[in-house]
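These notes concern the structure reproduced below.
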Amino acid sequence: MKKNDIITLEITALSNEGDGIGRHGGMAVFVPGTAAGDICEIIVIKVLSNRAIGKLKRLLTPSPDRTENLCPAFPACGGCQFRHLDYRAELNSKLASVRDAVARIGGITPPPDLCILGADKISEYRNKALYPLVPSPSGAEYGFYRSGTHSVVPCIRGGAHIPCSIQPAEFETAVSAVVGWMNENGIPAYREADGSGAVRAVYLRRAETSGELMVCLVSAKKHLPAAESLVSALLRAGIGFSTLVLNHNPDRTNAVLGKNSAVLYGPGTVNDKLCGIKLCISPLSFYQVNRAQCEKLYSAAIDFAQEAVPLKDAKLLDLYCGVGSIALAFAGRCRRVFGIEIVPDAIENAKKNAALNGIENAVFECGDAALAPALLSKHGFVPDIVTVDPPRKGLSADVVEFLKQCPAKHLIYISCEPTTFARDARVLSDTFSLTKMRAVDMFPRTANTETVALLSRIVQRGKM
């Protein structure tokens, strides 16, 4: 098999990234946009030592798992991987990927009751979106990044932009208003090739329960001309617009957001409610993108904790606490909660959220999770249970060592990347055993899956 060969392939499985997998001449061939059960004709586009990558040329026999794709940007846009797949098949694939990661990478037998909590709503569920901007002959153009690149794919049908189906329609109206304002006022989009231009992206957050919409412009320039006319345009749009923020990112980098933001209109935050807790959220603060599924995730975490320890007498440490959503959801059930987060804006949100909800048994500190021992000592806080919700890369070696040494008997691990969770579970396996786990489909139509797990300290003779 070599590049540009045209071969017939039966797809027998899906990868963790959502690509179909078939075998030809004993070699695995990965083909995006295919489904298990497809028989297809593909063009080989790359051959590596242990696998090949193909592109679908013609579907000969469709899988029964297939469904009609209604998105004009799929599969070029890298946002979704499962638009062509029946939702039941998508859930089955995600659960299989989680099981595989735990067994293959973690070296751990998955809990027998491991299941996936599917979403009741698989469209318009995202409360956050980023629209990258690029220069075009007519001014600024917007869309989404092509898979694996920084080129922009617009979501267009019949020559006009249409809303992305996994985001609320208000987002399309908001970004369209911003781009119209830019073109009317001669404000150029940023050009990655030479660092010229100004606005790099439009970053949106919507609070579902209040309907408040934040518009954040990411710009290479520190000042935004004609901001008043942009505010007027957004207010006229009737989309719940409540605040405008300018995020300054002058660096020639792949990082989307800069470290500094300035509020140009409104409070600079939006207000939502999650698991009965009122939350104030700023642009740089972490907040789960799917509120309804997040409530299922946190409910599972609380159930696991309640089965593990009498919470009313327990002290809970929440590492990577973000705006405090997990810690505050537990606060009414625990004796005390302590949250640690490295993003200063998020910690300010967390403290404000505690006050907003009249919660007095919560303490929040700004710092890296690896600094937990010093921060806990400062407050005389000895945890009985720890929750972690780390970024996609998982736990650092310092945090793993802290978890092994700290006195907490139970660990609730929330993860947005099953493979790094499995890796961390393996590293922790000499101290903690995996006892309960759920997968949660936080991101329908994409290949991403959230998990929540209970790991309990292994009892050794004479000590815990």
Side-chain angles (χ1 to χ4, degrees), residues 126-130 203-210 212-216 218 242-243 245-249 255-263 266-275 277-291 294-295 297-298 301 316-331 337-357 359 361-372 374-376 378-379 381 386-396 399 412-416 442 450:
R126 288 188 63 93
N127 58 38
K128 179 175 76 171
L130 178 83
Y203 173 53
L204 304 171
R205 287 195 120 150
R206 180 177 181 271
E208 185 178 338
T209 57
S210 67
E212 296 171 350
L213 179 69
M214 173 191 295
V215 176
C216 178
V218 184
S242 61
T243 190
V245 177
L246 179 66
N247 177 263
H248 183 219
N249 184 3
V256 174
L257 296 173
K259 296 179 181 178
N260 299 308
S261 298
V263 178
T269 57
V270 291
N271 296 285
D272 208 353
K273 187 178 283 189
L274 183 70
C275 295
I277 300 295
K278 299 174 186 175
L279 296 174
C280 177
I281 306 152
S282 61
L284 300 182
S285 301
F286 173 76
Y287 183 58
Q288 294 281 6
V289 302
N290 187 333
R291 178 183 167 275
C294 186
E295 290 198 332
L297 179 78
Y298 286 7
L316 178 138
L317 169 64
D318 182 19
L319 295 180
Y320 313 93
C321 71
V323 298
S325 54
I326 298 173
L328 296 175
F330 271 97
V337 296
F338 190 114
I340 298 174
E341 166 63 48
I342 197 170
V343 179
D345 284 2
I347 282 295
E348 290 306 310
N349 287 164
K351 291 176 179 177
K352 183 175 181 179
N353 290 333
L356 194 63
N357 290 277
I359 293 172
N361 63 335
V363 175
F364 295 98
E365 282 276 10
C366 187
D368 190 279
L371 301 177
L375 294 173
L376 293 174
K378 171 184 170 182
H379 289 270
F381 191 94
V386 179
T387 60
V388 295
D389 188 0
R392 191 169 295 277
K393 64 183 179 181
L395 304 175
S396 67
V399 173
I412 302 286
Y413 192 135
I414 293 173
S415 172
C416 61
M442 192 77 73
E450 199 91 2

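For this chain, numbers begin at 1 and follow the sequence in order.
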Would Leu257 and Tyr203 count as a side-chain contact (heavy atoms from CB on, under 4.5 Å) if you check the C-alpha gap in whole Å, the side-chain angles of each, and the deciding distance to 0.1 Å?
CA-CA 9 Å; Leu257 296 173; Tyr203 173 53; 4.1 Å; yes
Could you give the distance from CZ (Arg205) to CZ (Arg126), rounded to the nearest 0.5 Å?
10.5 Å
For Lys128, does the NZ atom sit with more than 12 other heavy atoms under 6.0 Å from it, leaving out its own atoms?
yes
Does Thr243 use its side chain to pair, donor to acceptor, with the backbone of Gly268 at less than 3.5 Å?
yes
Working to the nearest 0.5 angstrom, can you tell me the gap between Ile347 CD1 and Glu341 CD?
6.0 Å
Fit a plane to each ring of His379 and Phe338, take the angle between them on a 0 to 90° scale, and name the class: parallel (under 30°), tilted (30 to 60°) or perpendicular (over 60°).
perpendicular
Minimum heavy-atom distance Phe364-Cys321, with the two atoms named:
CD2-SG, 3.9 Å
Determine whether Leu274 and Cys294 make a side-chain contact, defined as any pair of heavy atoms from C-beta on separated by less than 4.5 Å.
yes
Under the side-chain contact (heavy atoms from CB on, under 4.5 Å) criterion, do Asn127 and Asn290 qualify, and how do the steps go?
CA-CA 6 Å; Asn127 58 38; Asn290 187 333; over 6 Å; no
For residues Val337 and Ile359, determine if any side-chain heavy atom of one lies less than 4.5 Å from a side-chain heavy atom of the other.
no
Look at Glu295 together with Arg291 and state whether they make a salt bridge at an N to O cut-off of under 4.0 Å.
yes
Ser242 side, atom OG; Met214 side, atom CE - distance, nearest 0.5 Å
7.0 Å
Rounded at 0.5 Å granularity, tell me how far SG in Cys275 sits from CG in Leu297.
9.0 Å
Mind listing the side-chain donor-acceptor pairs of residues 386-393 below 3.5 Å, one per line with the distance, residues two or more places apart or on another chain?
from   : atom 1 : to     : atom 2 : distance (Å)
Thr387 : OG1    : Asp318 : OD1    : 2.9
Arg392 : NH1    : Cys416 : O      : 3.2
Arg392 : NH1    : Glu417 : OE1    : 3.3

Could you give me the CA-CA distance, side-chain angles and deciding distance for Val215 and Val245, then say whether side-chain contact (heavy atoms from CB on, under 4.5 Å) is met?
CA-CA 6 Å; Val215 176; Val245 177; over 6 Å; no
Which residues satisfy the salt bridge (Lys or Arg N to Asp or Glu O under 4.0 Å) test with Glu365, sequence neighbours excluded?
Lys378
Between the side chains of Asn271 and Ser210, does any donor sit under 3.5 Å from an acceptor?
no
Please give me the minimum heavy-atom distance between Ser285 and Ala346, naming the atom from each residue.
OG-CA, 3.3 Å
Pair Ser325-Tyr298, side-chain donor/acceptor within less than 3.5 Å
yes
Going by distance alone, is a donor N or O of one side chain under 3.5 Å from an acceptor N or O of the other, for Asp272 and Tyr287?
yes
Salt bridge (Lys or Arg N to Asp or Glu O under 4.0 Å) partners for Arg206, two or more places apart
Glu170
Could you tell me which non-hydrogen atom of Ala369 sits nearest to which non-hydrogen atom of Tyr320, and how far apart they are?
CB-CZ, 3.7 Å
Main-chain N/O of Cys280 paired to Thr269 side chain as donor or acceptor, under 3.5 Å:
no
Is there a donor-acceptor pair under 3.5 Å between the side chain of Asn353 and the backbone N or O of Val323?
yes
Checking the side chain of Asp368 only, and the main-chain atoms of Ala370 only, is there a donor and an acceptor separated by less than 3.5 Å?
yes
When rounded to the nearest 0.5 Å, the distance separating CD1 of Ile340 from CG of Leu375 is 4.5 Å
Testing the basics here: between Lys273 and Thr209, what is the closest heavy-atom pair and its distance to 0.1 Å?
N-OG1, 3.1 Å
Which atom pair, heavy atoms only, marks the closest approach of Asp345 to Ser282?
CB-OG, 3.6 Å
Nearest 0.5 Å, what's the CG-CD1 distance between Leu356 and Ile277?
9.5 Å
Kindly determine whether Phe286 and Val343 satisfy side-chain contact (heavy atoms from CB on, under 4.5 Å), including the steps that lead there.
CA-CA 9 Å; Phe286 173 76; Val343 179; over 6 Å; no
Grab the two heavy atoms, one from Ile414 and one from Glu450, that are nearest each other, plus how far apart they are.
CG2-OE2, 3.6 Å
